[in-house]
Amino acid sequence: MTFDLHLTDRLKWLSNVAVPTSKNPSSLSCVLFTPIKTPQQIFTLAKLKALVLNQYVAVGQSSTATSRESAKGIAHRVRAIYGDHFPIEVRHCLATWIESRIWTPEPEEQQRYFVEELIQEIHTNTELMLSPEMFVTKMKLIEAAKIFRMQYGHAPHELYTYMRRCLAMEVDVIQNAMGPYVAQPQTERKYSELITGLQNVRQKVNMASEEIRSLQANIESFSLQYHECLKNKGHINYLQQSGPMTNDRRELEACLRVQIEEMERKLNALVAQINQSQMELVDHMKENITILRQLQSQVLDEELIKWKREQQLSGNGVPMQSNLNTIQEWCELLADLIWSTRQQVNNVARINSKTIVELRQPHLVEMLDEMSKQVTSLLSTLVTSTFVIEKQPPQVMKTNTRFTATVRLLVGGQLNVHMTPPRVTVVIISEQQAQLLLKSDSQSGRGKQPVECGDILNNSGCMEYQPTSRQLSVSFRNMQLRKIKRAEKKGTESVMDEKLTLLFQSEFNVGGGELVFQVWTLSLPVVVIVHGNQEPHGWATVTWDNAFSPPGRIPFAVPDKVTWGQLAETLRIKFCSATGGDLSEDNLRFLAEKIFSIISRTSLPMNTMELNAMTVSWTQFCKDALPERNFTFWEWFYMVVKVTRDYLRTLWCDRLIMGFIQKKQAEEMLAKCPPGTFLLRFSDSELGGITIAWVGEGNEVFSLQPFTSRDLMLRSLADRILDLAQLQFLYPNVAKDDVFSKYYTKPENEMLKNGYVKPVLVTTLPPYMSPSPSYAHSPDSHRNTPSVHNSYFSASTPAQTESSFMDSELFEQIRAFEPDGFDDFDFYGGNMPKKPALNKM
């Protein structure tokens, strides 16, 4: 009988759903198991299993108070399964052993050893609990072992059957709670192997410690017996040289020779035993080092690299699944095991150097020296690899703007680095300098200091240790890039194509100065801009790099072409993370038509696989202007995301905006509908613009001049739809008030406190479009499109145009409240275009 996820893992998943915090003591991780604070020397499999399941924490990030209460109830139900007959501490600490024994049915003959083996496993775990914090748990486990022996010693199959029944009930409770969640069997198996490996190597390291103590005791015993033997030989020499041999002396000499022969026999046996013990010990330590190297590779080269990749993808909006705290726990355990193994190797070398010459083996010193180098290299790799950037600096960085970053040393607490807090410095270097840094580091260690290409204020700080979280980190909260030195550009390169990186570096010692480490790490590539107009292209560079950077690349190489399927997924995630709403297959197909500059939908492959296999180049993505436009695909998409995020998020999530549809197709759809039917679509000609297409009298389809961020900041899209009586039904036939009413701004029914009446802006159509009496106004002079113009008028004042409104006192009040929104009237910011508007939409 197999399951996708071990029971302890499922329980931990539920605790993640409960989002346990110090303010939420009722969460499952606090309710289900007795809290265990594992010190440096303690290794328990259950602790590791709990840590592994942080991988699934993202599943529970959307939990509500209801789910927390549900998790609390589940915890009580699981506890009730075991009751008082089987302490939950035993279930927790022996999780893997219990599940491995119970899931596989055993014949009754094997079941008779179940109680004894369970008790032995309990004692094995309690022997590792040496810290005062583990005293209560240790006593509970010892008491449980006594109860099992008394109650089930004569009938072990009863306890075995009882446990199978409890686990089956536990499965039902947890599977019902997990709902549709299904773990990846391969992922679960991989982490299970990692946990088992860490548990096994801990036991092997402990066994090696016992062997060292035994070896030292044997050597000390040999030394005593050896000196006693030499003493007896000296006594015989004295008898032979001190005078004539009498009968008493001869008897004494004979007795001493018998004792010496017996001692030499024992000494020879002890020498053979010591030599064999030394070689076995060396073999065991070699095996431990090999296993530690494999486990460290799994943690650093797989899990930590995966976390870094997820961190990079999170810059594009991909939710992170890995948990750095989990990886830190693994690294701390590895650091503890590696440091212990290193101490063992040094202890054996010290013991060997102090033993008598007769006990020294010829090649033991060389073997121990080699092992010391290997384990020290493992420790060095672990320390330097776990110096990571927990919070990346902004990847599009504006000069003279404050930014933050956080660096963390995952093994800092374990190795007591915080006793002498290391200082971390930050500099910004070019892509070429990053390449030289990696090259020199891989060849002969750290080379010369790389050349900085900018000045950063507040770029130095000491790492601080947080005892509760065991985190050694430093947060740079007030860094600021003052100036930047640009590299020479080639061909069509712009400053927004240039990738830079922040170099974080530090130096500290371990073991009281025994080992000194120089550590450094590079941030994700950053693009430095000096003006808001450069931001969209900067994000194009960052988005492409985050999405398509190959593993183990030379900084910061990326492919020039990718498939549309890859890019479509990147755009979908980017849009979804910013707006909260997903893109449909039709939306993605529309984007494909736009980037491939294809007008007719039938020109693209109808087969999704064929479409996804088409390649898109970097120049198509953000360099080449769209046909008959003065902006690129990325600039258009970027501004659509921005206006949707800032002003249209709720409407998009409620699927009230059709958005990604061509003007011609919208007209064809509306032509079949009654007058008053309308739909909302993103403008093709206005960056960040959304337009309303509707059916007028005579079934003629009109398109309203697009609204941009500047327009929507003054009056929301829902209120504008309310203003226009010509708009009656959202396509295909939904009354507009049924879906938009909850977004209407509630009217002010009272005067302001100063006694004035607050004016209200209302959207109107030109007189020739309006069936009702219209207000005099002038058309908007800033745009030149064939679409129908709209304007505003105040409900309490004569009608005014948008231009006259910008000169009004109300506009100045709004501008004073949000000055940044009106400073740069450029098309990137969704404000008034500097260039003449295009004639097509």
J.: Check whether any side-chain heavy atom of N459 lies under 4.5 Å from a side-chain heavy atom of L502, and answer yes or no.
T.: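 No, every pair of side-chain atoms sits at 4.5 Å or beyond.
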
J.: Any salt bridge (Lys or Arg N to Asp or Glu O under 4.0 Å) involving residues 477-486? Give me the pairs, sequence neighbours left out, ordered by first then second residue.
T.: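 For residues 477-486, and leaving out neighbouring residues, the salt bridge (Lys or Arg N to Asp or Glu O under 4.0 Å) pairs sorted by first residue read D455-K483, R486-E498.
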
J.: Under 3.5 Å, side chain of E464 to main-chain N/O of V474, donor-acceptor pair present?
T.: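 Pair absent, no side-chain N/O of E464 close to backbone of V474.
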
J.: Got a sec, which pairs hit salt bridge (Lys or Arg N to Asp or Glu O under 4.0 Å) with one end in residues 404-420, sequence neighbours left out?
T.: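 Matches after skipping sequence neighbours: E390-R408.
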
J.: Please examine the side chains of I484 and L500, heavy atoms only from C-beta on, and report whether any two atoms are closer than 4.5 Å.
T.: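 In short, these two side chains touch, coming nearer than 4.5 Å.
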
J.: Nearest 0.5 Å please: distance from the CD atom of E303 over to the CD1 atom of I327.
T.: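 Going from CD on E303 over to CD1 on I327, the span is 6.5 Å.
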
J.: Which heavy atom in Q298 sits nearest to a heavy atom in L194, and how many Å separate them?
T.: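 Of all heavy-atom pairs spanning Q298 and L194, the closest is NE2-CB, 3.5 Å.
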
J.: Does D711 reach the main-chain N or O of T708 with its side chain, forming a donor-acceptor pair under 3.5 Å?
T.: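 Yes: the side chain of D711 pairs with the backbone of T708.
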
J.: List the steps and the verdict of side-chain contact (heavy atoms from CB on, under 4.5 Å) for T386 and V519.
T.: CA-CA 9 Å; T386 54; V519 296; over 6 Å; no

J.: Could you work out, with side chain to side chain contact (heavy atoms under 4.5 Å, CB included) as the rule, every residue matching L522, not counting sequence neighbours?
T.: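 Applying side chain to side chain contact (heavy atoms under 4.5 Å, CB included) to L522 gives I429, A434, L437, T501, L503, W520.
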
J.: Compute whether any side-chain donor of one residue and acceptor of the other, for Q296 and R293, lie under 3.5 angstrom apart.
T.: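 Looking only at side-chain atoms, R293 and Q296 do not form any donor-acceptor pair under 3.5 Å.
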
J.: Using the six-membered ring wherever Trp is involved, compare the ring planes of F575 and F637 and label them parallel, tilted or perpendicular (cut-offs 30° and 60°).
T.: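 The rings of F575 and F637 sit tilted, inter-plane angle from 30° to 60°.
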
J.: How many angstroms lie between atom CG of L198 and atom CG of D336, to the nearest 0.5 angstrom?
T.: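 Interatomic distance, L198 CG to D336 CG, rounded to 0.5 Å: 11.0 Å.
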
J.: Quick one: do W330 and T326 satisfy side-chain contact (heavy atoms from CB on, under 4.5 Å)? Show the steps, please.
T.: CA-CA 6 Å; W330 291 339; T326 299; 3.6 Å; yes

J.: For the backbone of P536 and the side chain of W634, can you confirm whether one donor and one acceptor N or O come within less than 3.5 Å of each other?
T.: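 Indeed, once roles are kept as given, a pair shorter than 3.5 Å links the two residues.
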
J.: Go through N416 and M419 one step at a time and tell me if the side-chain contact (heavy atoms from CB on, under 4.5 Å) criterion holds.
T.: CA-CA 6 Å; N416 294 321; M419 302 303 292; 3.8 Å; yes

J.: Can you say whether the rings of W618 and H537 are parallel (under 30°), tilted (30 to 60°) or perpendicular (over 60°)?
T.: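 Perpendicular.
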
J.: Rounded to the nearest 0.5 Å, how far does CG of L295 lie from CG of L334?
T.: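 Going from the CG atom of L334 to the CG atom of L295 covers 6.5 Å.
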
J.: Within the 3.5 Å criterion, strictly below it, is a donor on Q471 or Q328 matched to an acceptor on the partner's side chain?
T.: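 The criterion, which ignores hydrogens and geometry beyond distance, is not satisfied for Q328 and Q471.
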
J.: Tell me, which pairs form a salt bridge (Lys or Arg N to Asp or Glu O under 4.0 Å) where one or both residues lie in residues 420-435, sequence neighbours left out?
T.: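 Not a single pair qualifies under salt bridge (Lys or Arg N to Asp or Glu O under 4.0 Å).
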
J.: Could you report the tightest heavy-atom contact between N458 and F476, atom names first, then the distance?
T.: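 In this case the closest contact between N458 and F476 is O-CD2, 3.9 Å.
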
J.: Once salt bridge (Lys or Arg N to Asp or Glu O under 4.0 Å) is applied, do any residues pair with D301, and if so which ones, sequence neighbours excluded?
T.: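 Per chain and number, D301 pairs via salt bridge (Lys or Arg N to Asp or Glu O under 4.0 Å) with no residue.
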
J.: Is the shortest side-chain heavy-atom distance between T381 and L300 below 4.5 Å?
T.: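 Counting from C-beta outward, T381 and L300 do come under 4.5 Å.
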
J.: For Q518 and T384, run side-chain contact (heavy atoms from CB on, under 4.5 Å): C-alpha distance rounded to whole Å, both residues' side-chain angles, the deciding distance at 0.1 Å, then the answer.
T.: CA-CA 8 Å; Q518 290 183 339; T384 55; over 6 Å; no

J.: Applying ring-ring contact (aromatic ring centres under 6.0 Å, His included), can you list everything that pairs with W307, at least two apart in sequence or on another chain?
T.: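 W307 satisfies ring-ring contact (aromatic ring centres under 6.0 Å, His included) with no other residue.
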
J.: Are the side chain of Q433 and the backbone N or O of S430 linked by a donor-acceptor pair below 3.5 Å?
T.: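 Side chain of Q433 to backbone of S430, a donor-acceptor pair under 3.5 Å: no, none is there.
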
J.: Return yes if a side-chain donor-acceptor contact under 3.5 Å exists between D545 and Q312, otherwise no.
T.: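 Present: a donor and an acceptor within the cut-off.
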
J.: Using a 3.5 Å distance criterion without hydrogens, assess whether the side chain of T401 forms a donor-acceptor pair with backbone atoms of T399.
T.: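 Between the backbone of T399 and the side chain of T401 there is a qualifying donor-acceptor contact (under 3.5 Å).
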
J.: Once ring pair (Phe, Tyr, Trp, His ring centres under 6.0 Å) is applied, what residue pairs with a partner in residues 401-427 remain, sequence neighbours excluded?
T.: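 Residue pairs passing ring pair (Phe, Tyr, Trp, His ring centres under 6.0 Å), neighbours aside: H418-Y465.
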
J.: In chain order, what residues pass the salt bridge (Lys or Arg N to Asp or Glu O under 4.0 Å) check against D646, with sequence neighbours excluded?
T.: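 If we apply the salt bridge (Lys or Arg N to Asp or Glu O under 4.0 Å) test to D646, skipping adjacent residues, there are no hits.
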
J.: Quick one: does K574's side chain get under 4.5 Å of T543's, heavy atoms only?
T.: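 Side-chain contact under 4.5 Å: yes.
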
J.: With sequence neighbours left out, which residue pairs that include part of residues 527-542 fulfil the salt bridge (Lys or Arg N to Asp or Glu O under 4.0 Å) condition?
T.: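 Checked against salt bridge (Lys or Arg N to Asp or Glu O under 4.0 Å) - neighbours excluded - no pair reaches residues 527-542.
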
J.: Strictly by modelled atom types, are K391 and T404 linked by a side-chain donor-acceptor pair under 3.5 Å?
T.: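 Side chains of K391 and T404: pair found under 3.5 Å.
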
J.: Determine whether a donor-acceptor pair (N or O, by modelled atom type, separation under 3.5 Å) exists between the side chain of S380 and the backbone of S377.
T.: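 No.
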
J.: Decide if atom CD1 of I554 counts as having more than 12 heavy atoms of other residues, nucleotides or ligands within a radius under 6.0 Å.
T.: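 Result for CD1/I554: open.
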
J.: Checking E514 against R342 for the salt bridge (charged side-chain N to carboxylate O under 4.0 Å, His left out) test, could you report, in this order, the C-alpha distance in whole Å, the side-chain angles of both residues, the deciding distance, and whether it holds?
T.: CA-CA 12 Å; E514 182 181 358; R342 186 174 184 274; 2.8 Å; yes

J.: Once ring-ring contact (aromatic ring centres under 6.0 Å, His included) is applied, do any residues pair with F548, and if so which ones, sequence neighbours excluded?
T.: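 Scan of F548 (ring-ring contact (aromatic ring centres under 6.0 Å, His included), adjacent residues dropped) gives W544.
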
J.: Does K623 have any salt bridge (Lys or Arg N to Asp or Glu O under 4.0 Å) partners at least two apart in sequence or in another chain, and if so, which?
T.: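 Residues passing salt bridge (Lys or Arg N to Asp or Glu O under 4.0 Å) with K623: D497.
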
J.: Please report the closest heavy-atom contact between Y743 and S716, naming both atoms and the distance.
T.: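 Between these two residues, the closest heavy atoms are O-OG, 4.5 Å.
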
J.: From Q392 CD over to L524 CG, what is the distance, rounded to the nearest 0.5 angstrom?
T.: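 Going from CD on Q392 over to CG on L524, the span is 3.5 Å.
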
J.: Would you call F633 and L571 a side-chain contact if the rule is heavy atoms closer than 4.5 Å?
T.: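 The answer is yes; the side chains approach within 4.5 Å.
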
J.: Decide yes or no for V427 and I456: does some side-chain heavy atom of the first lie under 4.5 Å from some side-chain heavy atom of the second?
T.: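 Side-chain contact under 4.5 Å: no.
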
J.: State the CG-CG distance between L410 and N325, to the nearest 0.5 angstrom.
T.: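 Between L410 CG and N325 CG, I get 9.0 Å after rounding to 0.5 Å.
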
J.: Does any part of the side chain of L304, heavy atoms only, come nearer than 4.5 Å to the side chain of V388, both counted from C-beta?
T.: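 Result yes, sub-4.5 Å side-chain heavy-atom pair found.
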
J.: Do T425 and S460 have side-chain N/O donor and acceptor atoms under 3.5 Å apart?
T.: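 S460 and T425 do not have a side-chain donor-acceptor pair below 3.5 Å.
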
J.: Do the side chains of I428 and V528 get nearer than 4.5 Å, heavy atoms only?
T.: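 Yes; the side chains approach each other to less than 4.5 Å.
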
J.: Considering residues at least two apart in sequence or located in another chain, which fulfil the ring-ring contact (aromatic ring centres under 6.0 Å, His included) criterion with F387?
T.: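 Counting only residues at least two positions away or on another chain, F387 forms no ring-ring contact (aromatic ring centres under 6.0 Å, His included).
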
J.: Taking all heavy atoms of V299 and all of C331, pick out the closest pair and write down the distance.
T.: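 Taking V299 first and C331 second, the nearest heavy atoms are CG1-SG, 3.8 Å.
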
J.: Where do S385 and K308 come nearest, in terms of heavy atoms and distance?
T.: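 Shortest heavy-atom separation between S385 and K308 comes out as O-NZ, 4.2 Å.
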
J.: Looking at S473 and T406, what are the two nearest heavy atoms and their distance?
T.: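 For S473 versus T406, the nearest heavy atoms are CB-CG2, 4.4 Å.
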
J.: Measure the OG-CZ distance between S322 and R309 for me, rounded to the nearest 0.5 Å.
T.: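 Here the rounded value is 12.5 Å.
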
J.: Between R402 (side chain) and Q480 (backbone), is there a donor-acceptor pair under 3.5 Å?
T.: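 Not at all, since once roles are kept as given, no pair shorter than 3.5 Å links the two residues.
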
